[in-house]
Amino acid sequence: QVYLVESGGGLVRAGGHLRLSCEASGNDFSIKDMGWYRQAPEKQRDLVATITSGGIVNYVDSVKGRFTISRDNVKNTVSLQMNSLKPEDTAVYYCNANIKTPLTLGRFVGFWGPGSQVTVSS
């Protein structure tokens with residue numbers, strides 16, 4: 001079985017920075033795309049950034065120039081460096097990875113981390 005374990009997050013003032021990290025752990029799996037999503041109170045879960053196994057990145061417009069996504073394919077980790085944080089960045093941030101295991105019968109399936117709270121005060 002494969003798990004996504006997140007770390008980082010917390011409370012920061014506007015203009016500050018935080019770093020989120022996520023590690024996929026388990027046995028006999030391979031990963032394709034990885035990314036971060038966020039969900040503010042009473043809102044849907046939205047894409048923040050994604051990165052392919054080859055390093056191609058994609059960001060939602062509202063975080064471009066402030067957030068940087070990166071991954072380590074050896075350690076099976078993905079990170080999100082968040083700079084110049086704004087109160088509107090406040091949300092629960094979820095790690096996502098497309099993972100194939102023997103249990104997924106050869107298909108890549110989306111796995112989610114448990115979520116990390118990021119709160120930005122004004």
Side-chain angles (χ1 to χ4, degrees):
Q1 196 166 359
V2 179
Y3 299 92
L4 296 181
V5 180
E6 301 171 4
S7 60
L11 172 64
V12 66
R13 290 188 175 183
H17 61 272
L18 287 172
R19 184 177 180 86
L20 299 175
S21 294
C22 173
E23 179 181 2
S25 62
N27 296 308
D28 193 14
F29 65 95
S30 57
I31 306 175
K32 197 163 56 174
D33 297 348
M34 302 184 81
W36 292 92
Y37 290 70
R38 65 187 179 187
Q39 186 168 17
E42 301 183 359
K43 292 190 176 180
Q44 66 180 18
R45 189 175 299 185
D46 291 327
L47 169 72
V48 176
T50 61
I51 183 168
T52 69
S53 57
I56 298 173
V57 300
N58 178 56
Y59 298 95
V60 66
D61 286 346
S62 60
V63 309
K64 286 181 179 178
R66 301 187 298 121
F67 290 10
T68 302
I69 189 171
S70 60
R71 68 186 283 174
D72 185 322
N73 290 333
V74 175
K75 296 181 179 179
N76 295 318
T77 60
V78 62
S79 297
L80 185 69
Q81 178 65 41
M82 304 181 291
N83 298 329
S84 301
L85 282 161
K86 303 176 181 179
E88 51 263 43
D89 294 318
T90 295
V92 177
Y93 284 69
Y94 294 92
C95 173
N96 175 269
N98 290 325
I99 297 175
K100 180 173 66 176
T101 79
L103 294 178
T104 66
L105 304 178
R107 298 179 301 158
F108 283 94
V109 176
F111 283 67
W112 293 94
S116 296
Q117 178 68 48
V118 171
T119 303
V120 185
S121 62
S122 57

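Every value quoted in this text rests on a predicted model; they were computed, and no experiment measured them. Scope of the values below: all heavy atoms of this structure, side chains included, with no hydrogens, waters or symmetry mates.
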Quick one: closest heavy-atom pair of [X] and [Y], and the distance?
X: N98; Y: G110; result: OD1-CA, 3.7 Å
X: S25; Y: V5; result: OG-CG2, 4.3 Å
X: W36; Y: L20; result: CH2-CB, 3.6 Å
X: F29; Y: A24; result: CZ-O, 3.7 Å
X: S79; Y: S21; result: OG-OG, 3.4 Å
X: S84; Y: R66; result: O-NH1, 2.9 Å

Donor-acceptor pairs are to be reported for all side-chain atoms of residues 11-19 against protein atoms at under 3.5 Å, with residues two or more places apart or in another chain.
from, atom 1, to, atom 2, distance (Å)
R19, NH1, Q81, OE1, 3.2

If two hydrophobic side chains count as joined below 4.5 Å and joins carry through other members, does [X] share a cluster with [Y]?
X: L4; Y: Y94; result: no
X: V60; Y: F67; result: yes
X: M34; Y: V109; result: yes

Could you give the distance from [atom1] ([X]) to [atom2] ([Y]), rounded to the nearest 0.5 Å?
X: I51; Y: D33; atom1: CD1; atom2: CG; result: 9.5 Å
X: Q1; Y: T101; atom1: CD; atom2: OG1; result: 9.0 Å
X: I69; Y: M82; atom1: CD1; atom2: CE; result: 11.5 Å
X: L47; Y: Y59; atom1: CG; atom2: OH; result: 11.0 Å
X: E88; Y: S122; atom1: CD; atom2: OG; result: 10.0 Å
X: N96; Y: T50; atom1: CG; atom2: OG1; result: 9.5 Å

Would a distance-only check, ignoring hydrogens and angles, find a side-chain to backbone donor-acceptor pair under 3.5 Å from [X] to [Y]?
X: R71; Y: T52; answer: yes
X: E6; Y: G115; answer: yes
X: T90; Y: V120; answer: yes
X: N73; Y: S53; answer: yes

For this session: Please lay out, stage by stage, how T104 and I99 fare under the test side-chain contact (heavy atoms from CB on, under 4.5 Å).
Result: CA-CA 8 Å; T104 66; I99 297 175; over 6 Å; no
Problem set entry | pair L80-R38: side-chain heavy atoms closer than 4.5 Å |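 In short, these two side chains do not touch, never coming nearer than 4.5 Å.
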Problem set entry | No-hydrogen, no-angle side-chain donor-acceptor test under 3.5 Å, Q117 and T119 |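 Yes.
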For this session: In plain terms, say whether D89 and K86 are close enough for a salt bridge, that is, a side-chain N and a carboxylate O under 4.0 Å apart.
Result: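 Salt bridge flag = no for K86 with D89.
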For this session: Apply ring-ring contact (aromatic ring centres under 6.0 Å, His included) to Y37 and list each qualifying residue two or more places apart in sequence or on a separate chain.
Result: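 Y37: ring-ring contact (aromatic ring centres under 6.0 Å, His included) contacts with W112.
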